Every structure is written in C-alpha cells, then in structure tokens.
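Start at 1 and go down the list; that is how both ligands and their atoms are numbered. Treat the numbers as computed from the prediction; the structure is a model and nothing was measured. Here, residue 1 is the first one in the sequence, and each next residue gets the next number.
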Amino acid sequence: MAEAAQYFSSSNGNCSGSSGDDNRSSELVLSQLPKASSWLKSGVTLYQNCWFPSNALPNIISFQKQFKADDQDIILASNPKSGTTWLKALLFSILNRTDCSPSNTPLLTSNPHQLVPSFEFTFYSNPKRHDLNVMSSPRLVSTHIPYSSFPDSIKHSKCHIVYICRNPLDVIVSIWHFVNNGHPDRFWKASLEKPGKVLFLKYEDLKEDTFFQAKRIAEFIGFPFSKEEECNGVIEQILELCSLSKLKELDVNKHGRMRPNFENKLFFRKGKVGDWVNHLSASMVERVDKVMKEKLSDSGLLFKMSR
Ligand code: A3P
C-alpha cells in the first residue's frame, strides 16, 4: 500500500490540472483498496472490480479523471500479451501509410510501443515529459484497462476503439500469469452494442486472415484502402512489415531497450496460436476452463480450450 501511495504522490504531483486536494483524496482511496502479491513486483490492487498493477493504478486514476477524448482519437485496447505489439505496428502503418513507405517507416528504427504510447505507462506516468496535447490528430494511443474503467469522455466521444484479445491459455503461456483482468466480455458486449465505436479482434482471427482483418481495421478507423492501393500491394507490404519475423529481426527490437532493464526483444517470442498445448497440463487447462466458463459463459465469446 505504502508503495502505491508513494508512487502516486511522486508521479501525479506533476499532473497538469490535478490539485493537491485531488491527490490527497485519491491517495486515501488507494490506501483503502484490497492489495495482493502477484508476479508483478509492485503487486496488484483491486479497483473497480479488477486487479491492476499497484504502481500503475495512480496513473490510471489520473487518466480516468483528466483525459478529454477527441472525436478523431483511435484507442488500442488489449490485455497484456494478447498481440498489442502487433496491432500497434499494424495500426501505425495503416494510419501513416501515405507519409511513410515500407523503406522509410519509423517502425524500422523504433519499437511499436514507442510509436504508439500508452495512457497509463507513458502519458499519465510522466506528464511532464509526455504531453497528449502535442500529438497530431488522429492520436493513436493504447491502454490495458478494461472498457468498464474507461474515462466517460471516451465513451461519450465519437473516437474509435480497437480491442484485441487472445485465448487465455496462450496468454498464460506468454506471460506465465493468469490474466483475466481485462474483462474481454465487456469489450465484446460494447462491440455488439456500438459496432461503429468498438472493433473487437481476436489474435487467433488476426493470425488466420491478416489481410482481411487489416482491411477491416482500416475501414473501421476511417482510413480504408483504395482499390488502387489494394492492386499495388500496399496491404501486403504493411503485413510483411508488421510480421513477427520482420519486426523481431530489426536491430531496434533485437538490441534496443524500452528502459535500462527492459529489452525490446521481450515483446517478440513465437507468436503461435495454441502453443499452450506444449506447456500446460490437463489440470491447469481444466482450472482455466472453469474460470472462463464462470466469467464468459453468458457472453457468447468462445476460445478453443481442448487439445
Ligand atoms: P507469444 O509469447 O505467444 O509468442 P503483447 O504484444 O500484447 O505483449 O503480446 C505478445 C505476444 O504477441 C507474444 O506471443 C509475441 O510473440 C506476439 N507477437 C509480437 N509481435 C507479433 C507480430 N508482429 N505478429 C504476431 N505475433 C506477435
């Protein structure tokens, strides 16, 4: 708890628009929330029915309180280890395709996470260094928080949300952690209720037909590929550029670091669907299956849980 509160005061004291009173009342709220240990160093805190990394929670609260969405914003939402890096590369390339060719795109020299920053880990983590207001429109920003915790300003604006989820068994293998905090069912329901606002993607579907899904994404965010682009192979070029094999081999992703103790190569592993069969025992799968049934049975959202 002390750690979360301390992090809160040190990072959020600088937030433009937040008063000392605001900080103190948020600190008080934080100090009263349930905490647990986890694979994350900072532990996790239960907030709005979801376990969040304790060190990111103050930033998330600032994001909720302060963010003003613009109708042009494009928000990439995901659970960690669900294909965020891939989708960042794809969205960035789709949006910037007229200015950046495959031979001069910043993707060749920057990690996708540097090109598509995160609300809670970039802007609201260090508001002095990172300013959302200087981003050109449309702003492309990511988050790992669930739809239910989104700032109202996003829900009420006309901005677009592209969400990607992945079979939790593969997520577990990818992260060695049971990640059910993202509440994919909420995004799923939101995408059914507001199909023009939320695009719901599955990593598995993106893998199966990347060409079709890339066209769908481009259309959804209002940047559809023209017939001419399609005939000239622009879509294939983007898919090739954003492929795991291409990104993984780039110098920036092989040798670069996000932070001194965080290597970019950690974002790129096998990128396989169903790798869980090689790692999880039948009893582990059974446990996850039980939780999935509990959490998702009413939603109609299905993942392959058998070998
Ligand atoms: P694996 O660990 O199963 O290989 P995130 O980006 O949300 O952290 O997700 C990481 C997962 O996406 C990792 O899965 C990683 O290998 C995979 N991944 C990263 N870049 C990818 C790409 N360009 N295409 C497909 N999968 C990718």
Side-chain angles (χ1 to χ4, degrees), residues 39-40 52-53 56 75-94 102 105-122 140-146 161-184 187 200-214 217 235-254 256-259 262-280 284-285 288 303-304:
W39 59 275
L40 291 169
F52 289 97
I75 294 164
L76 187 172
S78 65
N79 241 350
K81 299 294 144 198
S82 298
T84 319
T85 316
W86 188 16
L87 190 56
K88 282 188 177 191
L90 282 171
L91 277 167
F92 180 88
S93 303
I94 290 171
T105 170
L107 261 178
L108 297 175
T109 48
S110 301
N111 179 272
H113 292 274
Q114 293 168 303
L115 300 174
V116 184
S118 140
F119 283 117
E120 60 269 29
F121 293 113
T122 312
L140 174 59
V141 191
S142 75
T143 183
H144 283 320
I145 77 171
I161 302 162
V162 185
Y163 175 74
I164 185 159
C165 72
R166 189 181 189 188
N167 187 327
L169 296 173
D170 280 332
V171 170
I172 287 170
V173 171
S174 192
I175 204 172
W176 283 110
H177 170 60
F178 174 60
V179 182
N180 197 30
N181 285 349
H183 294 299
F187 275 103
F200 188 98
L201 299 172
K202 278 188 190 168
Y203 184 89
E204 294 74 18
D205 296 342
L206 198 53
K207 269 286 205 191
E208 192 175 307
D209 194 344
T210 319
F211 186 89
F212 171 78
Q213 297 295 348
I217 294 169
I235 307 179
E236 282 91 346
Q237 283 170 12
I238 288 179
L239 302 192
E240 158 65 16
L241 174 70
C242 300
S243 66
L244 181 64
S245 51
K246 172 81 186 179
L247 293 180
K248 203 174 180 170
E249 288 310 311
L250 293 173
D251 215 44
V252 61
N253 295 324
K254 255 179 144 169
R257 287 166 184 268
M258 294 287 284
R259 292 185 290 280
F262 197 108
E263 296 175 289
N264 290 347
K265 68 178 178 202
L266 293 177
F267 288 114
F268 309 93
R269 204 181 59 98
K270 279 191 184 173
K272 291 251 177 298
V273 170
D275 191 35
W276 59 266
V277 295
N278 301 314
H279 299 272
L280 303 183
M284 286 163 101
V285 174
V288 180
F303 294 98
K304 190 169 182 281

For [atom], what's the nearest protein heavy atom and its distance?
atom: atom 1 (P) of ligand 1; value: Arg269 NE, 3.4 Å
atom: atom 18 (N) of ligand 1; value: Leu244 CD1, 3.9 Å
atom: atom 7 (O) of ligand 1; value: Thr84 OG1, 2.6 Å
atom: atom 22 (C) of ligand 1; value: Trp86 CG, 3.4 Å
atom: atom 6 (O) of ligand 1; value: Thr85 OG1, 2.4 Å
atom: atom 19 (C) of ligand 1; value: Phe267 O, 3.2 Å

Consider every N or O of [X] and every N or O of ligand 1, then say whether any pair is closer than 3.5 Å.
X: Pro80; value: no
X: Tyr203; value: yes
X: Gly271; value: yes

message = Under 4.0 Å from a heavy atom of Lys270: which atoms of ligand 1 are those, numbered in the order shown and with their elements?
response = 4 (O), 16 (O)
request  = Go through ligand 1 atom by atom and flag the ones less than 4.0 Å from a non-hydrogen atom of Phe268.
outcome  =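 Listed by number with element, the hits are 16 (O), 19 (C), 20 (N).
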Quick one: are [X] and [Y] in side-chain contact, heavy atoms under 4.5 Å?
X: Ser93; Y: Leu107; answer: yes
X: Leu239; Y: Phe211; answer: yes
X: Val273; Y: Asn167; answer: no
X: Thr105; Y: Leu241; answer: yes
X: Tyr203; Y: Val171; answer: no
X: Phe267; Y: Met258; answer: yes
X: Phe303; Y: Leu169; answer: no

query = Taking the minimum heavy-atom distance to atom 3 (O) of ligand 1, which of Lys272, Arg166, Lys248 ranks first?
reply = Arg166
ask   = Given Asp275, which of Lys270, Arg166, Lys81 fulfils the salt bridge (charged side-chain N to carboxylate O under 4.0 Å, His left out) condition?
value = Lys270
Could you see which bit of [X] sits under 4.0 Å from ligand 1, with heavy atoms only: side chain, backbone, both or neither?
X: Ser243; value: backbone
X: Cys242; value: backbone
X: Ser174; value: both

ask   = Strictly by modelled atom types, are His113 and Thr85 linked by a side-chain donor-acceptor pair under 3.5 Å?
value = yes
ask   = Can Glu263 and Lys265 be counted as an ion pair, charged N to O under 4.0 angstrom?
value =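 Salt bridge between Glu263 and Lys265, a charged N being under 4.0 Å from a carboxylate O: yes.
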inquiry  = Please confirm whether Ser78 approaches ligand 1 to less than 4.0 Å, judged on its heavy atoms.
reply    = no
